Amino acid sequence: MKEFIDYILQFGSLNEHQIELISKKATELELQKDDYFSEAGKISNQVGFVLEGIVRVCYYNNKGEEITKYFIDENNLVVDLESFETETPSTAYVQATTDCKILIFSRKNWRELSDTIIGWDAIVHKLISKALRQKVERRSPLVSEDATTRYLMFLEIYPNIVNRVPLSYVASYLGITQSSLSRIRKNIR
């Protein structure tokens, strides 16, 4: 819980009573590798904060191929925001790529925090803005580069991930085959 409190205090101030309330509203969820935090076709009903491990957001394209959109590691929020906010079915999967511990807030508890804590919505807005900026910053430079450059940039963007997740997920994220990724890794050593 301390990690989450430290994280949100970057975006606004809270008093001890508010911090205690937040602590009471959270529960800890343990996911095993390959378990889903949320699934396509279902409504996302919780907001999470990754304490340990890595999750990935993925979907299936029209050819039935699994595509990794991005990774979320420790000390970051995990939520399918559109599904959570609009209460509509998600279009993506959020899957544990390692064993994970995630602090979770149900929709009811998240709303109670919003209704009870003055300034909570402003903090959440700043959190979401930061997450969206990171998502764009991490994805945009990869679009126009060659595969080797995309991999080197991936190593800069996600320095703690490459040795913790299957290379097939990294290849999918980069938009290349796993054999191409193996060649690239061999050539840059």
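All values derive from a computational prediction rather than experimental measurement.
To the nearest 0.5 angstrom, Gln134 atom CD is 10.5 Å from Ile157 atom CD1. Atom CD of Gln32 and atom CG of Asp34 lie 10.0 Å apart (nearest 0.5 Å). The line from OG of Ser168 to CD of Gln178 is 5.0 Å long, rounded to the nearest 0.5 Å. Distance CG/Leu77 to CG/Leu127: 5.5 Å, rounded to 0.5 Å. Ile22 CD1 to Leu14 CG: the interatomic distance, rounded to the nearest 0.5 Å, is 4.5 Å. Taken from CD in Gln46 to CH2 in Trp110, the straight-line distance is 12.0 Å, to the nearest 0.5 Å.
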What do the steps show when you test Glu87 against Lys42 for salt bridge (charged side-chain N to carboxylate O under 4.0 Å, His left out), and what is the final call? CA-CA 9 Å; Glu87 297 187 43; Lys42 296 182 180 177; over 6 Å; no
Derivation of the side-chain contact (heavy atoms from CB on, under 4.5 Å) call for Glu65 and Tyr60: CA-CA 5 Å; Glu65 300 165 325; Tyr60 290 89; over 6 Å; no
Show your reasoning for whether side-chain contact (heavy atoms from CB on, under 4.5 Å) applies to Thr149 and Met153. CA-CA 6 Å; Thr149 305; Met153 291 173 93; 3.9 Å; yes
Start with the C-alpha gap between Leu29 and Ile104, add the side-chain angles, then the distance that decides, and say whether side-chain contact (heavy atoms from CB on, under 4.5 Å) holds. CA-CA 7 Å; Leu29 171 69; Ile104 59 166; 4.2 Å; yes
Set out, in order, the CA-CA distance, both residues' side-chain angles and the distance that settles side-chain contact (heavy atoms from CB on, under 4.5 Å) for Arg111 and Lys108, then state yes or no. CA-CA 5 Å; Arg111 286 202 173 133; Lys108 177 180 173 283; over 6 Å; no
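No chain of hydrophobic side-chain contacts below 4.5 Å, direct or via other Ile, Leu, Val, Met, Phe, Trp or Tyr residues, connects Val78 to Phe11. Under a hydrophobic-cluster definition in which Ile, Leu, Val, Met, Phe, Trp and Tyr are linked whenever side-chain heavy atoms come within less than 4.5 Å, directly or via other members, Phe84 and Val50 are assigned to different clusters. Hydrophobic clustering (ILVMFWY, side-chain heavy atoms < 4.5 Å, transitive): Ile123 and Met1 are in one cluster. A single hydrophobic cluster is not seen to contain both Phe37 and Ile128; linkage of ILVMFWY side chains at heavy-atom distances under 4.5 Å, directly or through other members, places them apart. The hydrophobic cluster containing Val79 does not contain Val94, counting ILVMFWY residues as joined when their side-chain heavy atoms lie under 4.5 angstrom apart, directly or transitively.
Sorted by first then second residue, the side-chain hydrogen bond (donor to acceptor under 3.5 Å, both in side chains) pairs that include residues 91-102, not counting sequence neighbours, are Arg56-Gln95. For the side-chain hydrogen bond (donor to acceptor under 3.5 Å, both in side chains) condition, the pairs that include at least one residue of residues 19-29, sequence neighbours left out, are Glu20-Lys24, Lys25-Glu112.
Shown here are the side chain to side chain contact (heavy atoms under 4.5 Å, CB included) partners of Glu74, two or more places apart in sequence or in another chain: Arg164. Considering only residues two or more places apart in sequence or on other chains, Arg185 meets the side chain to side chain contact (heavy atoms under 4.5 Å, CB included) condition with Tyr151, Val162, Leu167, Leu181, Arg189. For Leu152, the side chain to side chain contact (heavy atoms under 4.5 Å, CB included) partners are Thr148, Leu155, Ile188, not counting sequence neighbours.
Closest approach of Ser44 to Arg107, counting heavy atoms only: O-NH2, 2.6 Å. Across all their heavy atoms, Glu39 and Ser90 have their closest contact at O-CB, 3.7 Å. Of all the heavy atoms in Ile43 and Thr88, the pair that sits closest is CG1-C, 3.7 Å. Between Arg150 and Glu145 the shortest heavy-atom distance is NH1-O, 2.7 Å.
If you check the side chains of Ser180 and Arg183, you find a donor sitting under 3.5 Å from an acceptor. Residues Asp80 and Ser38 bring no donor and acceptor atom of their side chains to less than 3.5 Å of each other.
Residue-environment remark: CD (Glu82) stays at or below the threshold of 12 foreign heavy atoms within 6.0 Å. Counted within 6.0 Å of CD on Glu16, heavy atoms from surrounding residues, nucleotides or ligands total 12 or fewer; the atom is thus considered open.
Looking only at side-chain heavy atoms (C-beta outward), Ile102 and Leu51 stay at 4.5 Å or farther from each other. Contact annotation: the side chain of Val165 approaches that of Phe71 to within less than 4.5 Å [non-hydrogen atoms, C-beta and beyond]. Contact check for Thr68 versus Val170: no side-chain heavy atoms found under the 4.5 Å cut-off.
Taking the six-membered ring where the residue is Trp, the centroids of Phe154 and Tyr173 are separated by under 6.0 Å. The aromatic ring centres of Phe105 and Phe4 sit less than 6.0 Å apart.
Contact check on Lys2 versus Asp6 returns a salt bridge, with a Lys/Arg side-chain nitrogen under 4.0 Å from an Asp/Glu carboxylate oxygen.
Other cluster members for Ile67: Tyr59, joined by side-chain heavy-atom distances under 4.5 Å among Ile, Leu, Val, Met, Phe, Trp and Tyr.
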